[in-house]
Amino acid sequence: MSHCDKMVDAGRRRFLGGAGFAAAGAAAATMVPAQAKAAPGGARVDYPSNRLANITDLKSNAPLTVAYPDADAPGVLLKLGKRVPGGVGADGDIVGFSTTCPHKGFPLNYNAADKTMNCPGHYSRFDCESGGQQVWGQATQNLPQYALRIDDKGDIYAEGVDELLYGRLSNVL
Amino acid sequence: MAYKRQIDRLPIVPKDAKEFNVTCHYCIVGCGYKAYTWPTNKQGGTAADQNKFGVDLGKQQPAETAAWYSPSMYNIVRQNGSDVHIVIKPDKECVVNSGLGSVRGARMAEMSYSQQRNTQLQRLTEPMVWRYGQMQPTSWDDALALVARVTVAVINDKGEDGLFVSAFDHGGAGGGYENTWGTGKLYFGAMKVKNIRIHNRPAYNSEVHATRDMGVGELNNCYEDAELADTLVAVGANALETHTNYFLNHWVPNLRGTSMEKKKAEFGSEPVARGRIIIVDPRRTVTANACEVEAGKENVMHLAINSGSDLALFNAWLTYIASKGWIDKAFIEASTKNFDKVRAANNISLDEAARITGLTADQIRQSAEWIAQPKEGNARRRTMFAYEKGLIWGNDNYRTNAALVNVALATGNIGRPGGGCVRMGGHQEGYSRPSDAHVGRPAAYVDRLLIEGKGGVHHIWGCDHYKTTLNAFKFKQAYKKRTDMVKEAMMSVPYGDRTAMVNAIVGAIKKGGLFAVDVDIVPTKIGEACHVWLPAATSGEANLTSMNGERRMRLTEKYMDPPGQAMPDSLIAARIANNMERVLREQGKGEYADKFKGFDWKTEEDAFMDGYHGHEKGGEFVTYERLRAMGTNGFQEPATDFKDGKIVGTKRLFADGKFNSKDGKATFMETQWRGLQAPGKEDERKKWPFLVNNGRTNVVWQSAYLDQDNEFVMDRMPYPFIQMNPDDMAELKVKQGDLVEVYNDNGSTQAMVYPTPTAKRKQTFMLFAYPTGVQGNVVSPGVNEFIIPNYKQTWGNIRKIADAPEGVKHLSFKSIEYTG
């Protein structure tokens, strides 16, 4: 299969995936146009800019379940109450992470007491206040964190991920 | 900000990728992996018929899928001279790990030498020699000729006792049957070298002398026994961090209760229940945490004994269990000796043991019940005993080891399903050498002799004393001084004048200097002092056989080229032998030269056939071809047959009740408590306020020899941590991440403070063998009667050096315990 075929294929899948967003209530406000154009493909995947929430939806230290870059990739938005790496918003304290453990793909639990994500599969822990650094665990990467942007209306958009997500060999399928 | 690779897509393994059997080359567990390689200009596709996994990769894959790999499992390497993509991922079909990858093994691809992707460029690619005041590249011929001439000159002058050797004795990377045989045949066959030590201790001895002397080989059960046991007893073994997938794949199912069907199938009507565990460790570990999560606190007993008091606990177990009659009389009668004598000699009351260990008498009594109180219907309780460095590198190694084996024998727990009394192991095993009987017992304390100025030439194979020995700071000072004398002499003559060069070196040696040759895969700390570096190939760059902690032997197939001119250690040993033979003949010493015959190996397989196949028990059934066919599951040593295209192995040792002794009986051993045994330890304990306990951590393999060049690890661990109670921190006025000096009369070192509320007051725990802070610097030279070091019982003081350095500021210092 040639590379350009793949890109077309990727675009089609992304389009179909969009319906899932709406149904899940996590409306994707902006879709990257389907890659009808042939070569050359980008050096990186093209991340959608997806509206995940509005800042008024976030309560301090209460995890808000989201999905990015599509409905099959669960994640979380957090307002941590202190300026942290990768944090956005007026206080630099809003962060987003994948909630699929990068070790074996188990869903992570948020511990609000110490602001870590914990894996019931093999006990890995990731620090939401340190860019998702693995405090201790089996994963060979730190927790994928979202590149977030907040617009004038306070809408929070995810526009990228900084590590490969578990269970997919391309972050955007 | 934590380190992120910013990789959002990986090449897909195509359907026609080459596939290789791989056993992880790090710890003894030996997880099965598969390596896949394919040309750089090709890639697989997402459609099921376009990739190796036969699944639609355009969809999100579920948890525990075999159809995913992380960026650390991918690289570009050279194979038969061409660049290829490589993916090394855990093998779901391997019974050891069932597809699990640890944070160490799952980085094997990323830890491979890749010029293309700039990984592990620290690797040695060509022989290097001290020339014009620095290490310079040279040819194999030049380097080997220099090594042979100096070695022969020293032997001519001092005999073979003038040749000192430090050599790995294990399997996995920096070892394996091929390479232990290569070095063994050189130093124990061609020569009879006596001043030799093993990679992690200052003499050539067993870490588990006692169990062997009792007739009980130390790797006597199988990993499945951890799923079958009623009770697990873990002594000084932090399995979740150091034997990760053995713990996750075989201990956890028992603690979780998910191995019940297996128990029922194995034991029929015998009552079975979810497993319980006793953890003997002065420190609370993540292993204890995970056991509580899985089994419930009521099924986990953590015996946080006073450091070094294990022996008293084991003797109390034996005493109490015998007094209750919970012993296996039939087994003791049929298969052992000296029980009554030892029972009397080792007698100790619960109260006395409580006083020594710091436990309560009730804790000791209750743990003894968990070990040996008969089950319903008077069925014998099945208990598996596992121990590792907390015991091995702890107080009174020999007796303590024996005291634990006494309990296992008395309760009939060796050679039986759900039993075993085993060391957990460090590296894999892969020992095949001619007899070492000439070394004697106790063996020479090589480090001490080197400090005292003995020996003229030192051959080092995959060892780094500067990081991994006791009394390391004083060793380093003495070693540097002696090797510097030779470096200065080498700068006094032109390098090309070989006669003058050898004379200059020998002259410096006569004045107390030392000529040092370092065979390794990377530049080491001790290598800084050496005069020749010889580049070795590692696992996957050559075929390599090893066995794991249940004696499971596999072949890791060669899947990539070694860097530059690097060669397998077995062939380096052979070429040293060839060169020594040539030099000796030139000098008219034909008879001695003849001893160096038999090293005409061309490949590592030649070394395997000469060594393991030709000499080891059951070796006649084992060849590379047969091992290849046995895949990542291999067979359990010893081999007993080759039948129906398969090597037949041995699931458990001593299953017939016959042990390793002339009469086939295991021997109980007298092991009276004698306090802190190693000279100087008791005084050290009294003098200094802090226990400096020490050991491993999950993310780092061994001495970080590869990890030191890995961003993921160094981002998390720029300095070794020292876990410390927050109240101690307040008293010392130090904050998390601060650099502190750890010091005592033996030396000093550094670490970063990691607040640990579960740490007992004045009991710290420091990461061992780390390049940016060597814990061994503060470990005393005191050893046991067989020259086994005592790293664990170390006391010192702590003071602040500096606020948290820049490279530490981004780190998380949260608790490492899983919180749910």
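All figures in this text were calculated on a predicted structure; none of them were measured in a lab.
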So what's closer than 4.5 Å to chain B heavy atoms on Val135(A): side chain, backbone, both or neither? both
Any chance CD of Glu711(B) has more than 12 other-residue heavy atoms, nucleotides or ligands included, within less than 6.0 Å? no
Side-chain donor-acceptor pair present, Gln60(B), Asp70(A), cut-off under 3.5 Å: no
Leading residue by heavy atom contact count with chain B [cutoff under 4.5 Å; candidates Arg168(A), Lys104(A), Arg125(A)]: Arg125(A)
For chain A, find which of Asn289(B), Leu100(B), Val713(B), Thr697(B) contributes the most heavy-atom pairs closer than 4.5 angstrom. Leu100(B)
Of the backbone (N, CA, C, O) and the side chain (C-beta and beyond), which part of Leu143(A) lies under 4.5 Å from a heavy atom of chain B, both, or neither? backbone
Reported CD-to-OG distance for the pair Gln138(A) and Ser102(B), which is rounded to 0.5 angstrom: 7.0 Å
For Met1(B) and Pro85(A), work out which heavy atoms get closest and say how close. SD-CB, 3.4 Å
Geometric class of the Tyr123(A)/Tyr818(B) ring pair [parallel <30°, tilted 30-60°, perpendicular >60°]: perpendicular
Is Cys101(A) close to chain B through its backbone or its side chain, or both, or neither, when contacts mean heavy atoms under 4.5 Å? neither
Chain B contact via Pro107(A) - side chain, backbone, both or neither, heavy atoms under 4.5 Å: neither
Using heavy-atom distances under 4.5 Å, tell me whether Pro62(B) contacts chain A through its side chain, its backbone, both, or neither. backbone
At a heavy-atom distance under 4.5 Å, which candidate from Ala113(A), Gly137(A), Pro144(A), Gly86(A) has the highest pair count against chain B? Gly137(A)
Less than 4.5 Å to any heavy atom of chain B: does that hold for the side chain of Ala43(A), its backbone, both, or neither? backbone
Name the option with the most non-hydrogen atom pairs under 4.5 Å to chain B; the candidates are Leu169(A), Val84(A), Asp127(A). Leu169(A)
Verdict with supporting geometry, Lys814(B) and Asp114(A), salt bridge (Lys or Arg N to Asp or Glu O under 4.0 Å): CA-CA 8 Å; Lys814(B) 292 180 180 172; Asp114(A) 73 356; 5.8 Å; no
Interatomic distance, Thr140(A) atom OG1 to Asn710(B) atom CG [nearest 0.5 angstrom]: 9.5 Å
Specify which of Val252(B), Asn245(B), Val699(B), Val286(B) makes the most heavy-atom pairs with chain A at under 4.5 Å. Val286(B)
Count the heavy-atom pairs under 4.5 Å between each of Ser124(A), Gly167(A), Gly105(A) and chain B, then report the option with the highest count. Gly167(A)
